[in-house]
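Structure record follows, encoded as C-alpha coordinates.
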Amino acid sequence: MKIAIANGTFQAAYLFDLFKKNGHKTVLINSSKDDAAYLLKTKHVKVFVGNPWSRHVLEDAGVGRCDLFISLCDEDTDNFASCLLAKKIFGVSKVISLVKNPANVEIYRKLGIDSAVSSTYLLGQSILNESSMETIIKTLSLENDKIVLLEATILPKHKIAHHKIMDISFPKFASIAAIYRNYSVIIPNGQVELFPKDKLLIVCGKEDEEKVLAYVRDEA
Amino acid sequence: MKNKVVIIGCGRLGASIASYAASQSLNVIVVDSNASSFERLDEPFSGFTVTGDATDCTLLEKEAYIQTAESVVVTTGNDNVNLYLAHLLSRIYEVPEIVVRFDDPKYEELIKDLPGVKAVYPFQLSFEKILSFKEEMEAGK
(Lines give C-alpha, C1' and ligand atoms only; values in the text may rest on other atoms or scores of the structure.)
Protein backbone atom coordinates (compact mmCIF):
# COMPACT_ATOMS: atom_id res chain seq x y z
CA MET A 1 0.00 0.00 0.00
CA LYS A 2 1.18 3.54 -0.74
CA ILE A 3 0.51 6.08 2.01
CA ALA A 4 0.88 9.88 2.08
CA ILE A 5 1.46 11.64 5.40
CA ALA A 6 0.86 15.40 5.45
CA ASN A 7 2.57 17.51 8.14
CA GLY A 8 3.41 16.36 11.66
CA THR A 9 6.92 16.05 13.07
CA PHE A 10 7.32 13.26 15.62
CA GLN A 11 3.94 11.81 14.65
CA ALA A 12 4.97 11.66 10.99
CA ALA A 13 8.32 10.10 11.94
CA TYR A 14 6.61 7.46 14.08
CA LEU A 15 4.06 6.56 11.41
CA PHE A 16 6.78 6.50 8.74
CA ASP A 17 8.72 3.86 10.73
CA LEU A 18 5.58 1.88 11.49
CA PHE A 19 4.46 1.74 7.86
CA LYS A 20 7.96 0.98 6.60
CA LYS A 21 8.23 -1.94 9.04
CA ASN A 22 4.98 -3.29 7.65
CA GLY A 23 6.15 -3.05 4.04
CA HIS A 24 4.22 0.05 2.97
CA LYS A 25 5.62 2.83 0.80
CA THR A 26 5.25 6.24 2.41
CA VAL A 27 5.36 9.75 0.94
CA LEU A 28 5.95 12.67 3.31
CA ILE A 29 4.62 16.19 2.73
CA ASN A 30 5.32 19.07 5.11
CA SER A 31 4.50 22.77 5.09
CA SER A 32 7.36 23.58 7.49
CA LYS A 33 10.90 23.65 6.09
CA ASP A 34 12.28 22.94 9.58
CA ASP A 35 10.08 19.90 10.08
CA ALA A 36 10.94 18.67 6.59
CA ALA A 37 14.66 19.06 7.39
CA TYR A 38 14.19 17.09 10.64
CA LEU A 39 12.42 14.26 8.80
CA LEU A 40 15.06 14.21 6.07
CA LYS A 41 17.85 14.08 8.66
CA THR A 42 16.31 11.41 10.88
CA LYS A 43 14.54 9.22 8.32
CA HIS A 44 16.69 9.84 5.23
CA VAL A 45 13.60 10.29 3.13
CA LYS A 46 12.62 12.92 0.57
CA VAL A 47 10.01 15.31 1.95
CA PHE A 48 7.81 17.40 -0.35
CA VAL A 49 7.77 20.91 1.11
CA GLY A 50 4.56 22.90 0.79
CA ASN A 51 1.04 23.20 2.13
CA PRO A 52 -0.84 19.91 1.83
CA TRP A 53 -3.99 21.84 0.94
CA SER A 54 -2.27 23.11 -2.24
CA ARG A 55 -3.07 21.24 -5.39
CA HIS A 56 0.40 21.51 -6.93
CA VAL A 57 2.08 20.17 -3.76
CA LEU A 58 -0.10 17.05 -3.74
CA GLU A 59 0.49 16.69 -7.47
CA ASP A 60 4.29 16.84 -7.04
CA ALA A 61 4.11 14.30 -4.22
CA GLY A 62 2.12 11.89 -6.42
CA VAL A 63 -0.80 11.70 -4.01
CA GLY A 64 -3.03 10.49 -6.86
CA ARG A 65 -1.21 7.15 -6.73
CA CYS A 66 -1.70 6.74 -2.95
CA ASP A 67 -4.23 4.41 -1.33
CA LEU A 68 -4.31 6.31 1.95
CA PHE A 69 -3.83 9.98 2.89
CA ILE A 70 -3.25 11.01 6.51
CA SER A 71 -3.36 14.69 7.49
CA LEU A 72 -1.64 15.72 10.73
CA CYS A 73 -1.82 19.55 10.54
CA ASP A 74 -2.19 21.62 13.72
CA GLU A 75 -5.45 23.21 12.59
CA ASP A 76 -8.55 21.08 12.10
CA THR A 77 -9.69 23.13 9.11
CA ASP A 78 -6.30 22.64 7.38
CA ASN A 79 -6.73 18.89 7.82
CA PHE A 80 -10.25 19.08 6.42
CA ALA A 81 -9.09 21.04 3.34
CA SER A 82 -6.12 18.68 2.72
CA CYS A 83 -8.23 15.53 3.06
CA LEU A 84 -11.00 16.94 0.85
CA LEU A 85 -8.47 17.83 -1.85
CA ALA A 86 -6.83 14.39 -1.67
CA LYS A 87 -10.17 12.62 -1.89
CA LYS A 88 -12.12 14.79 -4.34
CA ILE A 89 -9.42 15.91 -6.75
CA PHE A 90 -6.81 13.17 -6.46
CA GLY A 91 -9.23 10.27 -5.88
CA VAL A 92 -7.49 8.82 -2.81
CA SER A 93 -9.82 6.07 -1.59
CA LYS A 94 -9.28 6.58 2.14
CA VAL A 95 -8.44 9.82 3.94
CA ILE A 96 -7.77 10.19 7.66
CA SER A 97 -7.77 13.52 9.50
CA LEU A 98 -6.34 14.34 12.87
CA VAL A 99 -8.71 16.64 14.82
CA LYS A 100 -8.06 18.69 17.94
CA ASN A 101 -11.69 19.34 18.77
CA PRO A 102 -13.26 15.99 19.76
CA ALA A 103 -16.67 17.27 18.61
CA ASN A 104 -15.30 17.29 15.06
CA VAL A 105 -14.90 13.50 14.96
CA GLU A 106 -18.55 12.90 14.10
CA ILE A 107 -18.92 16.01 11.94
CA TYR A 108 -15.87 15.21 9.79
CA ARG A 109 -17.20 11.72 9.15
CA LYS A 110 -20.56 13.15 8.12
CA LEU A 111 -18.75 15.53 5.76
CA GLY A 112 -17.06 12.67 3.92
CA ILE A 113 -13.72 12.29 5.74
CA ASP A 114 -13.35 8.51 6.07
CA SER A 115 -11.86 8.65 9.51
CA ALA A 116 -11.26 11.48 11.98
CA VAL A 117 -8.98 10.81 14.91
CA SER A 118 -8.88 12.86 18.11
CA SER A 119 -6.59 11.87 20.94
CA THR A 120 -9.01 13.43 23.45
CA TYR A 121 -11.92 11.51 21.93
CA LEU A 122 -10.01 8.23 22.06
CA LEU A 123 -8.90 8.89 25.63
CA GLY A 124 -12.50 9.61 26.64
CA GLN A 125 -13.81 6.45 24.96
CA SER A 126 -11.08 4.39 26.54
CA ILE A 127 -11.78 5.75 30.03
CA LEU A 128 -15.51 5.17 29.60
CA ASN A 129 -14.95 1.60 28.44
CA GLU A 130 -12.59 0.89 31.32
CA SER A 131 -14.72 2.43 34.06
CA SER A 132 -18.26 1.47 33.08
CA MET A 133 -17.43 -2.21 32.76
CA GLU A 134 -15.74 -2.51 36.16
CA THR A 135 -12.48 -3.25 34.33
CA ILE A 136 -13.64 -6.68 33.20
CA ILE A 137 -14.68 -5.57 29.72
CA LYS A 138 -12.54 -3.76 27.18
CA THR A 139 -13.62 -2.83 23.69
CA LEU A 140 -11.85 -2.00 20.49
CA SER A 141 -13.85 -0.34 17.71
CA LEU A 142 -13.05 -1.19 14.11
CA GLU A 143 -14.27 0.19 10.79
CA ASN A 144 -15.55 3.47 12.18
CA ASP A 145 -17.39 1.89 15.10
CA LYS A 146 -19.28 -0.66 12.95
CA ILE A 147 -17.47 -3.69 14.38
CA VAL A 148 -16.31 -4.10 17.98
CA LEU A 149 -13.88 -6.52 19.53
CA LEU A 150 -14.79 -7.11 23.18
CA GLU A 151 -12.50 -8.53 25.81
CA ALA A 152 -14.51 -10.04 28.66
CA THR A 153 -13.13 -11.92 31.65
CA ILE A 154 -15.28 -14.70 33.05
CA LEU A 155 -15.90 -14.53 36.80
CA PRO A 156 -17.02 -17.50 38.97
CA LYS A 157 -20.45 -15.89 39.45
CA HIS A 158 -21.19 -15.83 35.71
CA LYS A 159 -23.73 -18.30 34.36
CA ILE A 160 -21.52 -19.40 31.47
CA ALA A 161 -18.62 -20.41 33.75
CA HIS A 162 -17.95 -24.18 33.82
CA HIS A 163 -20.03 -24.83 30.70
CA LYS A 164 -19.03 -26.04 27.26
CA ILE A 165 -19.59 -23.52 24.47
CA MET A 166 -21.94 -25.96 22.68
CA ASP A 167 -24.19 -25.99 25.76
CA ILE A 168 -24.58 -22.29 26.42
CA SER A 169 -26.41 -21.09 23.28
CA PHE A 170 -24.05 -18.20 22.74
CA PRO A 171 -25.78 -15.33 20.84
CA LYS A 172 -25.84 -15.96 17.06
CA PHE A 173 -24.96 -12.31 16.28
CA ALA A 174 -21.58 -12.64 18.02
CA SER A 175 -18.62 -14.95 17.82
CA ILE A 176 -15.94 -15.95 20.33
CA ALA A 177 -12.78 -15.39 18.28
CA ALA A 178 -10.29 -16.60 20.88
CA ILE A 179 -9.93 -17.52 24.54
CA TYR A 180 -6.88 -16.46 26.51
CA ARG A 181 -6.17 -18.88 29.36
CA ASN A 182 -2.98 -19.34 31.42
CA TYR A 183 -0.84 -17.38 28.96
CA SER A 184 -1.98 -19.43 25.97
CA VAL A 185 -4.50 -18.81 23.23
CA ILE A 186 -7.28 -21.26 22.48
CA ILE A 187 -9.23 -21.06 19.23
CA PRO A 188 -12.57 -22.30 20.47
CA ASN A 189 -14.94 -24.97 19.23
CA GLY A 190 -18.12 -26.30 20.81
CA GLN A 191 -16.26 -28.78 23.00
CA VAL A 192 -14.22 -26.16 24.83
CA GLU A 193 -15.33 -25.52 28.41
CA LEU A 194 -15.26 -21.98 29.80
CA PHE A 195 -13.59 -21.39 33.16
CA PRO A 196 -13.37 -18.42 35.56
CA LYS A 197 -10.44 -16.12 34.67
CA ASP A 198 -10.76 -17.02 30.96
CA LYS A 199 -10.55 -13.94 28.78
CA LEU A 200 -12.94 -14.12 25.84
CA LEU A 201 -12.28 -12.09 22.71
CA ILE A 202 -15.69 -11.59 21.13
CA VAL A 203 -16.44 -10.02 17.74
CA CYS A 204 -19.85 -8.46 17.09
CA GLY A 205 -21.60 -5.52 15.46
CA LYS A 206 -21.59 -2.24 17.40
CA GLU A 207 -25.40 -2.37 17.75
CA ASP A 208 -25.22 -5.77 19.52
CA GLU A 209 -22.45 -4.83 21.96
CA GLU A 210 -24.75 -4.26 24.94
CA LYS A 211 -26.71 -7.49 24.35
CA VAL A 212 -23.47 -9.51 24.19
CA LEU A 213 -22.15 -7.90 27.37
CA ALA A 214 -25.44 -8.56 29.16
CA TYR A 215 -25.23 -12.23 28.11
CA VAL A 216 -21.65 -12.70 29.29
CA ARG A 217 -22.29 -10.92 32.61
CA ASP A 218 -25.47 -12.81 33.35
CA GLU A 219 -25.09 -14.29 36.82
CA ALA A 220 -26.00 -17.79 37.93
CA MET B 1 -36.16 35.93 14.28
CA LYS B 2 -37.15 36.67 10.67
CA ASN B 3 -34.90 37.55 7.73
CA LYS B 4 -31.92 36.45 9.72
CA VAL B 5 -28.49 36.94 8.20
CA VAL B 6 -25.31 35.65 9.83
CA ILE B 7 -22.00 37.19 8.78
CA ILE B 8 -18.89 35.19 9.70
CA GLY B 9 -15.71 37.25 9.68
CA CYS B 10 -15.80 40.97 10.44
CA GLY B 11 -12.99 42.25 8.25
CA ARG B 12 -13.57 45.18 5.91
CA LEU B 13 -15.82 43.13 3.60
CA GLY B 14 -17.76 41.37 6.38
CA ALA B 15 -18.25 44.61 8.33
CA SER B 16 -19.50 46.45 5.24
CA ILE B 17 -22.00 43.68 4.41
CA ALA B 18 -23.17 43.51 8.05
CA SER B 19 -23.63 47.28 8.25
CA TYR B 20 -25.52 47.35 4.94
CA ALA B 21 -27.78 44.41 5.91
CA ALA B 22 -28.59 46.06 9.26
CA SER B 23 -29.42 49.33 7.47
CA GLN B 24 -31.92 47.35 5.36
CA SER B 25 -33.73 46.31 8.57
CA LEU B 26 -32.54 42.69 8.35
CA ASN B 27 -31.75 40.85 11.58
CA VAL B 28 -27.98 40.56 11.55
CA ILE B 29 -25.59 38.52 13.69
CA VAL B 30 -21.85 39.03 13.09
CA VAL B 31 -19.31 36.48 14.33
CA ASP B 32 -15.57 37.10 14.66
CA SER B 33 -12.88 35.61 16.88
CA ASN B 34 -11.47 39.07 17.60
CA ALA B 35 -13.76 41.53 19.47
CA SER B 36 -11.86 44.57 18.18
CA SER B 37 -12.98 43.66 14.62
CA PHE B 38 -16.48 44.90 15.49
CA GLU B 39 -15.08 48.45 15.59
CA ARG B 40 -15.30 48.35 11.79
CA LEU B 41 -19.12 48.22 11.94
CA ASP B 42 -21.06 51.42 11.21
CA GLU B 43 -22.31 53.35 14.24
CA PRO B 44 -25.02 52.83 15.29
CA PHE B 45 -25.17 49.10 14.42
CA SER B 46 -28.57 47.51 15.04
CA GLY B 47 -27.36 43.89 14.79
CA PHE B 48 -25.78 41.52 17.29
CA THR B 49 -22.11 40.63 17.64
CA VAL B 50 -20.71 37.27 18.79
CA THR B 51 -17.03 36.86 19.72
CA GLY B 52 -15.63 33.37 19.19
CA ASP B 53 -14.52 30.61 16.85
CA ALA B 54 -17.15 30.12 14.13
CA THR B 55 -15.97 26.56 13.41
CA ASP B 56 -17.25 25.60 16.87
CA CYS B 57 -20.74 24.14 16.39
CA THR B 58 -21.79 24.96 19.95
CA LEU B 59 -21.12 28.66 19.31
CA LEU B 60 -22.90 28.53 15.95
CA GLU B 61 -25.96 26.90 17.46
CA LYS B 62 -26.23 28.58 20.87
CA GLU B 63 -25.03 32.09 20.06
CA ALA B 64 -25.48 32.59 16.32
CA TYR B 65 -28.72 30.51 16.16
CA ILE B 66 -27.50 29.03 12.89
CA GLN B 67 -30.42 26.61 12.55
CA THR B 68 -32.79 29.51 11.85
CA ALA B 69 -30.47 31.48 9.55
CA GLU B 70 -31.89 32.22 6.12
CA SER B 71 -28.60 33.41 4.78
CA VAL B 72 -24.95 33.20 5.84
CA VAL B 73 -22.03 35.17 4.42
CA VAL B 74 -18.58 33.72 5.17
CA THR B 75 -15.72 36.19 4.79
CA THR B 76 -12.93 35.15 7.16
CA GLY B 77 -9.38 35.70 5.92
CA ASN B 78 -8.58 31.96 5.91
CA ASP B 79 -9.67 29.95 2.85
CA ASN B 80 -9.54 26.63 4.70
CA VAL B 81 -11.84 27.94 7.44
CA ASN B 82 -14.20 29.26 4.75
CA LEU B 83 -14.11 25.93 2.91
CA TYR B 84 -14.96 23.99 6.07
CA LEU B 85 -17.77 26.40 6.96
CA ALA B 86 -19.23 26.10 3.44
CA HIS B 87 -19.45 22.30 3.86
CA LEU B 88 -20.69 22.49 7.46
CA LEU B 89 -23.38 25.10 6.78
CA SER B 90 -24.60 23.43 3.60
CA ARG B 91 -24.52 19.76 4.57
CA ILE B 92 -25.07 19.71 8.33
CA TYR B 93 -27.20 22.84 8.94
CA GLU B 94 -28.77 23.02 5.45
CA VAL B 95 -28.70 26.82 5.40
CA PRO B 96 -30.68 27.86 2.29
CA GLU B 97 -28.29 30.56 1.07
CA ILE B 98 -24.55 30.63 1.72
CA VAL B 99 -22.08 33.04 0.15
CA VAL B 100 -18.38 32.31 0.71
CA ARG B 101 -15.33 34.38 -0.08
CA PHE B 102 -12.12 32.72 -1.24
CA ASP B 103 -8.76 34.26 -2.09
CA ASP B 104 -7.76 31.26 -4.20
CA PRO B 105 -10.07 30.54 -7.18
CA LYS B 106 -8.94 26.88 -7.14
CA TYR B 107 -11.30 26.26 -4.19
CA GLU B 108 -14.18 26.32 -6.69
CA GLU B 109 -13.64 22.61 -7.38
CA LEU B 110 -14.06 21.73 -3.71
CA ILE B 111 -17.43 23.42 -3.26
CA LYS B 112 -19.12 23.08 -6.63
CA ASP B 113 -21.59 20.34 -5.59
CA LEU B 114 -22.69 21.94 -2.31
CA PRO B 115 -26.39 22.90 -2.22
CA GLY B 116 -27.06 26.60 -1.66
CA VAL B 117 -23.41 27.69 -1.83
CA LYS B 118 -22.20 30.56 -4.01
CA ALA B 119 -18.58 31.67 -4.01
CA VAL B 120 -16.91 35.02 -4.68
CA TYR B 121 -13.25 35.42 -5.57
CA PRO B 122 -12.04 39.02 -4.98
CA PHE B 123 -8.68 38.23 -6.61
CA GLN B 124 -10.40 36.94 -9.73
CA LEU B 125 -12.75 39.96 -9.84
CA SER B 126 -9.84 42.41 -9.53
CA PHE B 127 -7.87 40.52 -12.14
CA GLU B 128 -10.74 40.58 -14.64
CA LYS B 129 -11.44 44.27 -13.95
CA ILE B 130 -7.79 45.22 -14.51
CA LEU B 131 -7.73 43.24 -17.78
CA SER B 132 -10.90 44.98 -18.96
CA PHE B 133 -9.41 48.43 -18.13
CA LYS B 134 -6.30 47.50 -20.07
CA GLU B 135 -8.36 46.40 -23.06
CA GLU B 136 -10.40 49.63 -22.92
CA MET B 137 -7.22 51.73 -22.80
CA GLU B 138 -5.67 49.86 -25.70
CA ALA B 139 -8.88 50.22 -27.75
CA GLY B 140 -8.84 53.99 -27.08
CA LYS B 141 -5.29 54.46 -28.40
Side-chain angles (χ1 to χ4, degrees), chain A residues 6-8 29-32 50-61 63-64 69 71-92 95-116 118 120-121 124, chain B residues 8-9 11 14 31-34 52-64 66-67 69 72 74-95 98 100-117 119 121 123-124:
Chain A
N7 280 22
I29 301 156
N30 211 298
S31 49
S32 154
N51 291 328
W53 53 89
S54 296
R55 194 181 169 139
H56 70 271
V57 174
L58 297 198
E59 217 160 60
D60 287 350
V63 163
F69 180 89
S71 190
L72 305 172
C73 302
D74 289 336
E75 296 298 327
D76 288 3
T77 47
D78 291 343
N79 285 324
F80 179 78
S82 306
C83 285
L84 198 66
L85 187 67
K87 195 162 183 76
K88 266 193 133 175
I89 307 299
F90 291 91
V92 178
V95 295
I96 300 177
S97 167
L98 188 70
V99 291
K100 271 196 300 196
N101 182 351
N104 283 344
V105 169
E106 291 303 320
I107 295 168
Y108 274 40
R109 284 177 191 167
K110 283 181 190 164
L111 293 179
I113 305 301
D114 299 300
S115 205
S118 153
T120 315
Y121 181 89
Chain B
I8 299 175
V31 184
D32 198 289
S33 55
N34 186 352
D53 180 358
T55 64
D56 175 5
C57 291
T58 310
L59 178 134
L60 284 178
E61 290 171 18
K62 308 275 183 206
E63 296 186 52
I66 205 73
Q67 285 105 328
V72 180
V74 183
T75 67
T76 83
N78 183 320
D79 277 359
N80 287 348
V81 170
N82 295 352
L83 175 72
Y84 172 67
L85 286 171
H87 281 259
L88 183 75
L89 296 170
S90 171
R91 295 174 62 189
I92 305 289
Y93 293 110
E94 299 178 348
V95 175
I98 303 154
V100 189
R101 184 198 99 134
F102 290 107
D103 285 331
D104 185 350
K106 290 197 192 84
Y107 279 69
E108 172 75 35
E109 287 175 307
L110 299 174
I111 52 142
K112 64 182 176 190
D113 301 326
L114 291 177
V117 174
Y121 305 95
F123 170 83
Q124 191 80 6

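All heavy atoms count here, side chains included; hydrogens, waters and symmetry mates do not. These numbers were taken from a predicted model, which means no experiment stands behind them.
- Both the backbone and the side chain of L111(A) come within less than 4.5 Å of a heavy atom in chain B.
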Record all donor-acceptor atom pairs with a distance under 3.5 Å between chain B and chain A; write none if the list is empty.
from	atom 1	to	atom 2	distance (Å)
N80(B)	ND2	D78(A)	OD1	2.8
R91(B)	NH1	L111(A)	O	3.4
E109(B)	OE1	R55(A)	NH1	2.5
E109(B)	OE2	R55(A)	NH1	2.9

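- At a 4.5 Å heavy-atom cutoff, the contact between L88(B) and chain A is made by backbone and side-chain atoms alike.
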